There are 2 protein chains.
Amino acid sequence: MAHFTHHSEENYLKTLFKLESRQDKKVNNTALAKALNLNPATVLEMIRKLTDRKMVQLKPDKSIQLTEKGKKKALLTIRKHRLWEVFLVEKMNYKWNEVHELAEQLEHIESADLVDRLDGFLGNPPFDPHGDPIPDKNGKIKPNLSVPLSDCIPGKNYTVINLIDTSDEFLQFLGKLNILPGRRIKLLEKLKYDNSFSVEVQEKTVQFSEKVAKNILVQSV
Amino acid sequence: MAHFTHHSEENYLKTLFKLESRQDKKVNNTALAKALNLNPATVLEMIRKLTDRKMVQLKPDKSIQLTEKGKKKALLTIRKHRLWEVFLVEKMNYKWNEVHELAEQLEHIESADLVDRLDGFLGNPPFDPHGDPIPDKNGKIKPNLSVPLSDCIPGKNYTVINLIDTSDEFLQFLGKLNILPGRRIKLLEKLKYDNSFSVEVQEKTVQFSEKVAKNILVQSV
DNA sequence: CATTTTTATTTGGTATACCAAATTTTTTAT
DNA sequence: ATAAAAAATTTGGTATACCAAATAAAAATG
């Protein structure tokens with residue numbers, strides 16, 4: 001029977017990739033351990049293995065950096081994760097905020113071919129249900145041209161692309177407002193009085209704070 | 001991150017179930033080790049763990065027997081495996097003899113709910129692509145009423161249900177004859193001369209040995 | 001029934017992937 | 001510059017799941 005070869009490797013690489021791209025700060029052992037919810041000793045040990053495997057580099061200042069090889073593997077894992085998320089939402093009728101754990105399991109299925117077939121089966125979706133772009137089979141990812149709603153111009157129409165805060169609480173709140181990735185919305189006005197936002201969603205007008213607006217990424221239509 | 005708790009347990013239980021149902025002989029450590037392609041020491045160790053978990057019983061004569069709990073878990077694993085096989089063939093356009101390894105991975109995804117949804121999505125198929133029956137969500141399996149073609153009556157029509165030998169070689173051979181699970185065939189005659197079989201498949205007449213006929217399970221139409 | 005042969009079991013290892021606690025090194029702040 | 005805080009590292013463990021080789025027990029066979 002096949003072994004679960006380097007099953008956790010994908011989690012490390014994926015998390016490293018996210019940390020590297022989300023912040024401009026360098027990633028250190030502590031940060032990675034925190035992100036993975038693991039003991040620093042464990043992470044250090046694993047980073048050394050990943051260094052041997054040429055997946056990461058340990059810089060002289062002790063920051064951890066993905067190599068090209070590591071970055072590609074991370075992106076392919078992200079591809080798997082996001083495609084399975086689309087599958088779960090589109091075909092298995094899960095809600096977009098219910099699929100993370102399952103996709104976390106499915107992303108470790110080893111078969112590039114299956115993932116490519118899944119991609120085709122789903123109609124080569126460019127985004128996952130959270131609005132995150134899906135890397136192609138070579139690990140190339142389209143730069144996301146979306147901007148926070150808080151930076152947008154009143155009177156214009158936008159498509160919701162992605163959410164920065166993906167906490168359950170926030171997603172529930174947006175759910176009530178009927179806002180989700182893919183939804184067309186119109187920014188009505190930014191109220192000077194309290195910096196709140198007025199937005200048209202499916203023929204209804206809703207209000208929310210600037211904090212919320214900062215967490216909604218949109219693309220102009 | 002979630003652990004791969006008892007990931008191999010499912011393989012042991014599944015294999016045990018198959019050994020128990022395929023032969024009337026009792027299953028001993030050696031047989032199980034051979035079936036799993038593992039060292040007997042490893043298997044013995046694991047069987048003790050499974051005994052602690054009330055999945056199997058070690059009989060005084062040292063034969064290994066699944067408990068009800070173990071049998072149910074085995075059947076639910078088989079359910080997962082077979083449903084994923086249907087998915088791979090029906091939706092991912094794999095050929096029926098290409099899906100085993102992948103299903104072997106997918107069957108370990110932990111979510112009874114996902115499997116039930118998958119079942120619905122696939123239209124509650126009663127059989128997998130090899131013709132094996134798919135247990136329901138409670139682990140109940142319909143008794144297979146099929147018989148080997150070698151025991152059938154010339155002149156009657158049958159549906160191919162299942163194959164006993166699932167080696168690539170055999171499947172390739174049957175592929176050339178256009179015989180696969182689900183196919184309607186007519187047994188023309190059993191030739192006394194060399195015990196060979198003459199069968200009508202899709203308006204064509206094909207011949208094969210008794211050995212082949214013994215490995216094709218059919219149901220009368 | 002004694003001897004092979006087979007099966008079961010024990011023993012001492014391995015690899016992966018974790019952890020807690022102690023220690024060392026580095027950074028930060030006074 | 002030095003004390004305190006933070007980060008990195010080492011050390012000694014754990015659990016799962018494997019193996020090879022030695023030994024013991026059971027079964028088969030002459």
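Keep in mind that this is a model prediction, so the values were computed, not measured. The sequence lines fix the lettering, A, B, ..., with proteins before strands; numbering per chain opens at 1.
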Would you kindly give the [atom1]-to-[atom2] distance between [X] and [N], to the nearest whole Å?
{"X": "B:Leu44", "N": "C:dT11", "atom1": "CG", "atom2": "C1'", "answer": "13 Å"}
{"X": "B:Met46", "N": "C:dT9", "atom1": "CE", "atom2": "P", "answer": "17 Å"}
{"X": "B:Glu45", "N": "D:dA15", "atom1": "CD", "atom2": "C1'", "answer": "11 Å"}
{"X": "A:Glu9", "N": "C:dA17", "atom1": "CD", "atom2": "P", "answer": "8 Å"}
{"X": "A:Leu38", "N": "C:dA20", "atom1": "CG", "atom2": "P", "answer": "10 Å"}
{"X": "A:Leu58", "N": "D:dA8", "atom1": "CG", "atom2": "P", "answer": "10 Å"}
{"X": "B:Lys59", "N": "C:dA8", "atom1": "NZ", "atom2": "P", "answer": "16 Å"}
{"X": "A:Leu50", "N": "C:dA17", "atom1": "CG", "atom2": "P", "answer": "9 Å"}

Could you check B:Leu118 against A:Met92 for side-chain contact (heavy atoms from CB on, under 4.5 Å), going step by step and ending with a plain yes or no? CA-CA 7 Å; B:Leu118 184 65; A:Met92 297 291 107; 4.1 Å; yes
Let me know, please, whether A:Lys62 or B:Lys49 comes out on the 5' side of the other along DNA chain D by nearest nucleotide. A:Lys62
Going by modelled atom types, is there a donor-acceptor pair between the base of D:dA7 and the side chain of A:Asn29 at under 3.5 Å?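 Side chain to base: no pair present.
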Would you classify A:Thr30 as touching base, sugar-phosphate or nothing, given that sugar-phosphate means primed atoms plus P, OP1 and OP2, and contacts are heavy atoms under 4.0 Å?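 Sugar-phosphate only.
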When you measure from the side chain of A:Arg48, which nucleotide among C:dT9, C:dC18, D:dT10 comes out closest?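 The answer is D:dT10.
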Kindly point out which of C:dC18, D:dA21, C:dA20 is positioned nearest to the side chain of B:Ala41? D:dA21
Taking only side-chain nitrogens and oxygens of [X], does any of them come within less than 4.0 Å of OP1 or OP2 of [N]?
{"X": "A:Thr42", "N": "C:dA17", "answer": "no"}
{"X": "A:Asn39", "N": "C:dA20", "answer": "yes"}
{"X": "B:Tyr12", "N": "D:dC18", "answer": "yes"}

Please report whether the ring centroid of B:Phe87 lies less than 6.0 Å from that of A:Phe87.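 Under 6.0 Å, so yes.
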Do B:His130 and B:His100 have their ring centres less than 6.0 Å from each other?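 Centroid separation for B:His130 and B:His100: 6.0 Å or greater.
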Geometric cation-pi criterion, B:Lys91 with B:Phe121: 6.0 Å, 45°: yes
Quick one: look up who C:dT30 pairs with, Watson-Crick or G-U, both distances under 3.5 Å, and put none if it's unpaired. D:dA1
Between A:Glu9 and A:Lys49, does any side-chain N to carboxylate O distance fall below 4.0 Å?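 Salt bridge: no.
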